Amino acid sequence: MSEPSISTGPASDTSSDAAALDGAGGAEPAVEAAPPAVATDHYSKSANAEVWWQAHFEQAAGQVIDFFAGDGISLEGKTVADIGCGDGIIDLGVALQAKPDRLVGFDILVHDIEELAERAATFAGIEKLPDNLYFCTSEPTRLPAEDDEFDYVISWSAFEHIADPVAILHEIRRVLRPHGVLFIQLWPFYHSAHGTHLVDWFPDGFAQFRHSQDAILRRIRSSGGDQALASDMIEAFLTLNQITADGLQDAMRQAGFRIVKVALSSEAVHIPPEAAHLPLSQVAISGIKLLAIADGQPTSEPSPRHQPETEQPGAEPSDDPGEPPAGQPRHAAPTAEPDDDEPEAGSPS
Ligand SMILES: C[S@@+](CC[C@H](N)C(=O)[O-])C[C@H]1O[C@@H](n2cnc3c(N)ncnc32)[C@H](O)[C@@H]1O
C-alpha cells in the first residue's frame, strides 16, 4: 500500500499565511484562532465563590480519588497528607468522600478553618467539619510530621508554586511510608499557554514569551478590577518555579520516587514565534497527573537524564505484569521486602 499523499493545498503566499497564523500584521487569521487553552482542571481565582467551591470540593477531590481508584487504591481508613492545601476545600471533599482515617493539609500559609467551615455550610450544608480533617502550617522545606507517618500523599496545583520542589519531595519521601504512593497534579506548566497563571489578563496565552515582565505587570496593574486579586496573581506569577515535566520527573527520582502512572494534558494551541524555539514537550504539555511510589533511595545527586535503559539485574521478561501489591498502582514493581503494614483493603479493579 502506498503512503497517503499529503495535500499541500493550492499555492499560496506562505509569508502571509504565517503572519495570519501568528496573529501578526493586522490580517484576519487564515484559520480560526484556537480558543484560549483552558484545561478542565483550571479554575480561575476570579471565579465566583460557588464555582470555586464546586470545582474543588467535587471535581478536584473527585479526580484525586478516581486517579487512585483507577489503580484499585482506596484511601479509606488510611493516613493521607496534602501538600500545599491552600483553602482546604479539596481536603474536605476527599475527607468526606474517601473517608481516610486522617487527612492533614499542610501549607506554608496559616489555614483559615473558620472560613472553610463557613463555605462548607453555605455551599454544601455541612454543619460541622469532619473529625478526620486536620490542617498544619509547614515550613518551605520542612513538614512537621514523623518519618513514615502517611500511607498516601496528595498535592494539587501546588508544585509549580513550591520554591524548592526537590527539598519538599525529599520531605514527602521521609513522611511517606516505604512503598507509599504520592499523587501530584500540576496545571499549568510554566512554558505552556497559560503557564503565567494570568489567563484573566492574557486569554490568548504565552504572555511569558510575548511580553516583557514589566509589560505584563503594567497591564495587570492598569486593568482595574479586583486589585487584591491582581496583586495575589502578580505574586504568584513572579514566584513560579518554572518546573517542566522532565524537571519534575528528575526531582522525583532524586527524592526516591518512581513515577508509575501519568496522564498529561494538552490542548490545541498556536505557538507564537517568540516560543518557537522551545521543545513541544514544554509548550504543548499544559499539565500532569501522576502516581509515584516511594521505593527508591533519595540522593543529593541530580538524576542522569537520557541514559540508555539497562535491564534490571534478575528481571524476568514477562508479558503479564501480574497484580500489583495491594494499595499500589498497577505496574509497581512487586517488592521483595516484607511489608510491615496491615494488608490493604481494596484490590485492583
Ligand atoms: C495555587 S495554591 C493551591 C492550593 C490548593 N491545593 C488548591 O488547589 O486550591 C498553591 C499552594 O501551595 C502553597 N505552597 C507553596 N509553597 C509551599 C511549600 N513549600 N510547602 C507547602 N505549601 C506550599 C501555597 O501557599 C499555596 O497555598
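Computed from a predicted model, the values in this text were never measured in an experiment. Just so you know, ligand 1 is whichever comes first in the structure, and atom 1 is the first atom listed for that ligand.
- Between His194 and Phe202, the distance from one ring center to the other does not fall under 6.0 angstrom.
- Checking side-chain atoms of Ser155 against main-chain N and O of Ala158 turns up no donor-acceptor pair under 3.5 Å.
- When the options Asp82, Ile108, Ile89 are ranked by their closest heavy atom to atom 23 (C) of ligand 1, first place goes to Ile108.
- Taking a cut-off of under 4.0 Å to the non-hydrogen atoms of His161, the atoms of ligand 1 that pass are 1 (C), 10 (C), 15 (C), 16 (N).
- Residue Leu109 has at least one heavy-atom neighbour below 4.0 Å for each of these atoms of ligand 1: 25 (O).
- Between Asp107 and ligand 1, at least one N/O pair is under 3.5 Å apart.
- Under 4.0 Å is where a charged nitrogen must lie from a carboxylate oxygen, and between Glu149 and Arg102 at least one such pair does.
- The residue Ala236 has no part lying near ligand 1, judged by heavy-atom distances below 4.0 Å.
- Taking every heavy atom of Ser157 and a limit of under 4.0 angstrom, the matching atoms of ligand 1 come to 1 (C), 2 (S), 3 (C), 8 (O), 10 (C).
- Close contacts of ligand 1 with Ile162, meaning ligand atoms under 4.0 Å from a residue heavy atom, involve 16 (N), 17 (C), 18 (C), 19 (N).
- Short contacts between ligand 1 and Ile90, defined as distances under 4.0 Å to a heavy atom of the residue, involve ligand atoms 7 (C), 8 (O).
- Of the listed residues (Phe67, Phe159, Phe257, Phe150), just one forms a ring-ring contact (aromatic ring centres under 6.0 Å, His included) with Phe183, and that residue is Phe67.
- Counting only heavy atoms from C-beta outward, the side chains of Val64 and Gln185 never approach each other to under 4.5 Å.
- Note: an N/O pair closer than 3.5 Å links Trp156 and ligand 1 by distance alone.
- In this model, a donor atom of one side chain and an acceptor atom of the other lie less than 3.5 Å apart for Asp151 and Thr79.
- For ligand 1, the atoms lying closer than 4.0 Å to a non-hydrogen atom of Gly84 are 3 (C), 4 (C), 5 (C), 6 (N), 11 (C), 12 (O), 13 (C), 21 (C), 22 (N).
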**Item:** Check against side chain to side chain contact (heavy atoms under 4.5 Å, CB included), Asp87 and Trp52
**Value:** CA-CA 11 Å; Asp87 55 27; Trp52 181 266; 2.7 Å; yes
